[in-house]
Amino acid sequence: MTIVGKVESLWRYPVKSMRGEELDEAFASYSGIYGDRVFAFRSSANHKGFPYFTAREQRRLLQYRPRFRYPDKAAHPINLTEAESRNANPLLADLAELLVDVETPDGQKLAIDDPALIEMLRAGVDQKHQVGLMQSQRAMTDCRPVSLFSLQSAQQLAAETGMPMDKRRFRANVYIDLTSSNGFAENELTGRSLRIGSKVVITILERDPRCVIITLDPDTTEQAPAILKKVAQAHDGMAGVYGAVLVEGMMHKGDPVELLEHT
């Protein structure tokens with residue numbers, strides 16, 4: 001058994017491009033982290049392959065704080081214990097159980113489907129963006145179901161850019177504190193599988209290509225282009241890794257991360 005680190009924190013993003021929610025535990029399913037990116041906004045101006053209206057178009061999205069209306073039902077599949085006892089897949093949530101309310105930057109609370117919210121999001125944005133709401137039982141991630149990022153990579157980027165590096169810029173699901181002190185050591189896990197805690201197994205598929213989102217301060221939305229420039233020049237435009245879940249289960253903050261042997 002080779003322990004390569006531990007879970008420093010777990011995050012999900014109930015609404016794509018809005019503020020994340022830190023969790024003590026999270027259910028990792030084949031389709032992603034339970035409750036992750038179950039809502040998104042689409043723009044008529046974006047192409048069908050990536051229809052999402054995100055902080056690329058409206059930076060202030062990052063300052064909106066979504067919360068599940070029924071947090072207990074959004075924590076994990078309601079029949080998880082029974083499913084595990086029968087070695088069966090748990091049920092996906094009913095969409096009505098995953099409703100979200102959003103706190104705006106000025107403190108208002110609106111339902112995710114309130115037309116007033118869309119009007120706020122369109123403020124100051126090119127009017128070609130006709131914005132609508134999307135909801136899915138499965139995480140509407142950009143690429144793979146789960147994203148992982150090491151604290152050491154954030155520390156290295158801080159050293160390389162000479163500026164503080166808030167890990168939240170990278171919007172990962174699992175932040176790992178690696179035993180290696182090297183930044184970007186998670187790259188070496190590509191093609192390997194990790195056991196997180198006692199059950200969850202995630203195979204690391206590829207490095208994570210980055211875009212302008214990482215240049216935006218998660219609190220102020222102030223832009224720092226030097227971060228993306230450094231990632232492009234020094235790290236092939238990649239930071240962090242993507243994975244797919246091979247064995248479903250609960251992950252917990254502080255869980256050991258074990259590198260599984262090749263088979």
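The residues of the chain are indexed from 1 along the displayed sequence. None of these values were measured; they are calculated from a predicted model.
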Can you name the residues that form a side-chain hydrogen bond (donor to acceptor under 3.5 Å, both in side chains) with T220, not counting sequence neighbours? D217
Looking only at non-hydrogen atoms, find the nearest pair between [X] and [Y] and report the distance.
| X | Y | value |
| --- | --- | --- |
| K199 | G249 | CD-CA, 4.4 Å |
| S29 | V245 | O-CG2, 3.2 Å |
| P90 | F27 | CG-CZ, 3.7 Å |
| L205 | T190 | O-CG2, 3.5 Å |
| P209 | Y242 | CD-CE1, 4.1 Å |
| E21 | P14 | OE1-CG, 3.9 Å |

Keeping the roles fixed (side chain from E25, backbone from H252), state whether a donor-acceptor pair exists under 3.5 Å. no
With no hydrogens and no angle check, is any side-chain donor or acceptor of R169 less than 3.5 Å from a backbone partner on I214? yes
Do [X] and [Y] belong to the same hydrophobic cluster, where Ile, Leu, Val, Met, Phe, Trp and Tyr are linked whenever their side-chain heavy atoms lie under 4.5 Å apart, directly or via other members?
| X | Y | result |
| --- | --- | --- |
| L110 | V100 | yes |
| Y175 | L157 | yes |
| M251 | Y34 | no |
| I33 | M140 | no |
| Y52 | V131 | no |

For salt bridge (Lys or Arg N to Asp or Glu O under 4.0 Å), just list the numbers for D142 and K16, CA-CA rounded to whole Å, side-chain angles, deciding distance to a tenth of an Å, and then say yes or no. CA-CA 10 Å; D142 286 358; K16 192 176 183 70; 2.6 Å; yes
Report yes if some heavy atom in the side chain of [X] is under 4.5 Å from a heavy atom in the side chain of [Y]; otherwise report no.
| X | Y | result |
| --- | --- | --- |
| S150 | L178 | yes |
| N173 | R37 | yes |
| V200 | E248 | no |
| Q223 | T215 | yes |
| R171 | I213 | yes |
| M120 | T104 | yes |
| L259 | L189 | yes |
| I112 | L117 | yes |

Once you round to the nearest 0.5 Å, how far does [atom1] of [X] lie from [atom2] of [Y]?
| X | Y | atom1 | atom2 | result |
| --- | --- | --- | --- | --- |
| L246 | T203 | CG | OG1 | 5.5 Å |
| F39 | F68 | CZ | CZ | 7.5 Å |
| K230 | L228 | NZ | CG | 12.0 Å |
| D106 | Y64 | CG | OH | 7.0 Å |
| S193 | I202 | OG | CD1 | 9.5 Å |
| T54 | R56 | OG1 | CZ | 4.0 Å |

Run the numbers on T161 and K229 for side chain to side chain donor-acceptor pair (under 3.5 Å), then give the verdict. CA-CA 9 Å; T161 59; K229 183 177 181 181; over 6 Å; no
Angle class for the F184/H235 ring planes (parallel below 30°, perpendicular above 60°, tilted otherwise)? parallel
Report the relative orientation of the aromatic rings in W11 and Y13; use parallel for angles under 30°, tilted for 30 to 60°, perpendicular for over 60°.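 Rings of W11 and Y13: parallel, as their planes differ by under 30°.
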Apply the test side chain to side chain contact (heavy atoms under 4.5 Å, CB included) to residues I204 and L148: give CA-CA distance (whole Å), side-chain angles for both, the deciding distance (0.1 Å), then the verdict. CA-CA 9 Å; I204 305 303; L148 303 92; 3.8 Å; yes
Show your reasoning for whether side chain to side chain contact (heavy atoms under 4.5 Å, CB included) applies to K167 and L151. CA-CA 7 Å; K167 68 185 181 188; L151 300 187; 4.0 Å; yes
Classify the side-chain pair S180/Q152 by whether it contains a donor and acceptor separated by less than 3.5 Å. no
Under a 3.5 Å threshold, yes or no: a donor from one side chain and an acceptor from the other, between R122 and Q58? no
Strictly below 4.0 Å, N to O, side chains only: are [X] and [Y] in salt-bridge contact?
| X | Y | value |
| --- | --- | --- |
| K253 | E22 | yes |
| R19 | E103 | no |
| R168 | D219 | yes |
| D236 | R207 | yes |

Take E206 and C143 through the test side chain to side chain contact (heavy atoms under 4.5 Å, CB included) and record every step on the way to the result. CA-CA 10 Å; E206 59 191 338; C143 187; 3.2 Å; yes
Other residues, nucleotides and ligands only: do more than 12 of their heavy atoms fall within 6.0 Å of [atom1] on [X]?
| X | atom1 | result |
| --- | --- | --- |
| D24 | CG | no |
| R69 | CZ | yes |
| E188 | CD | no |

Salt bridge (Lys or Arg N to Asp or Glu O under 4.0 Å) involving D114 - partner list, sequence neighbours excluded: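 Per chain and number, D114 pairs via salt bridge (Lys or Arg N to Asp or Glu O under 4.0 Å) with no residue.
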Pair E222-L216, side chain to side chain contact (heavy atoms under 4.5 Å, CB included): steps then yes or no: CA-CA 6 Å; E222 184 178 345; L216 303 177; over 6 Å; no
